[in-house]
Amino acid sequence: MKKTAKAKQRSAPLTDAQRIIGAVKKIPRGRVSTYGNIAEVAGLPRRARLVGTVLRQTPASTRLPWFRVINSSGRISFPVDSDAYESQRAKLEAEGIELIRGRVDLKRHAWPRRDTELDELLWKMDD
DNA sequence: GTCTTGACTAAGC
DNA sequence: GGCTTAGCCAAGA
């Protein structure tokens, strides 16, 4: 079928980076997710490192809850003595996510929850 | 095209 | 839980 001038945006191929950013935006306030989870939600299994790469090159100007993304052990993936670490920790605590001995309790704050929320997400993006 | 890097992870102690 | 090692895979040089 031929495309009209209006048809441009609908099937715009999302880049991996765009999908990752979209996934990060879905993290609810007061919750956290891991790099691996974000990759999975974005439809990019086994690309946890890509999530980190994308976040690194994403301008701070884009409103994105990047601080809600932590690694699989519940830790902030920055050196503990860095400004970035402190910044992330402060933002998390501002949302009520406490770090206990440098770790977030993933059992309590992880999103999506393994039991139900992930399934819903993956089903919904099917169409 | 090859080599190195890295905001990662899972597995084995 | 911590530490090490081996896989992983896209970006940059």
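Naming: A, B, ... by sequence-line order, numbering from 1 per chain.
- When the nucleotides B/dG6, B/dA7, C/dA11 are ranked by their closest atom to the side chain of A/Tyr35, B/dA7 comes out on top.
- Separating the CG atom of A/Leu44 from the C1' atom of B/dT9 is a distance of 16 Å, rounded to the nearest angstrom.
- Proximity of A/Thr62 to A/Ile21: side-chain heavy atoms (C-beta onward) are nowhere separated by under 4.5 Å.
- In this structure, B/dC13 forms a base pair with C/dG2, meeting either the Watson-Crick or the G-U wobble geometry with both donor-acceptor distances under 3.5 Å.
- The line from CD1 of A/Ile27 to NE2 of A/His109 is 14.0 Å long, rounded to the nearest 0.5 Å.
- Here the side chain of A/Thr53 pairs a donor or acceptor atom with the backbone of A/Arg49 at under 3.5 angstrom.
- Spacing between atom CD1 of A/Ile20 and atom P of C/dC9 amounts to 14 Å, rounded to whole angstrom units.
- Picking from B/dC8, B/dA7, B/dA10 the nucleotide with the shortest atom distance to the side chain of A/Ala48 gives B/dC8.
- For A/Trp66, counting side-chain heavy atoms from C-beta on, the closest listed nucleotide (C/dA11, B/dT9, B/dA7) is B/dA7.
- When heavy atoms are screened at a 4.0 angstrom cut-off, A/Arg56 is found touching base atoms of the nucleic acid.
- Contact check for A/Arg68 versus A/Lys91: no side-chain heavy atoms found under the 4.5 Å cut-off.
- Residue A/Thr34 is in sugar-phosphate contact alone, with no base atom involved, counting any heavy-atom pair closer than 4.0 Å across all strands shown.
- Put simply, the side chain of A/Glu95 reaches to within 4.5 Å of the side chain of A/Phe67, judged on heavy atoms.
- The nearest whole Å value for the distance from the CZ atom in A/Arg19 to the P atom in C/dA10 is 12 Å.
- Between A/Ser77 and B/dA7, a side-chain N or O to OP1/OP2 separation shorter than 4.0 Å is absent.
- The phosphate of C/dG12 has OP1 or OP2 within less than 4.0 Å of a side-chain N or O from A/Gln57.
- You'll find that the side chain of A/Arg49 is closest to B/dG6, out of B/dT9, B/dG6, B/dA7.
- Put simply, CZ on A/Arg101 is 12 Å from C1' on C/dG2, counting in whole angstrom units.
- Rounding to whole angstrom units, CG of residue A/Leu55 and P of C/dA10 are separated by 16 Å.
- Rounded to whole angstrom, the span from the CG atom of A/Asn71 across to the P atom of B/dA10 amounts to 10 Å.
- Across the interface with DNA chain C, nearest-nucleotide mapping of A/Arg75 and A/Pro45 shows A/Arg75 to be the residue nearer the 5′ end.
- Rounded to an integer number of Å, the gap from A/Leu50 CG to C/dG12 C1' is 14 Å.
- Distance CG (A/Asp16) to P (C/dA10): 8 Å, rounded to an integer number of Å.
- Between A/Thr53 and the phosphate of C/dC9, there is no side-chain N or O to OP1/OP2 separation shorter than 4.0 Å.
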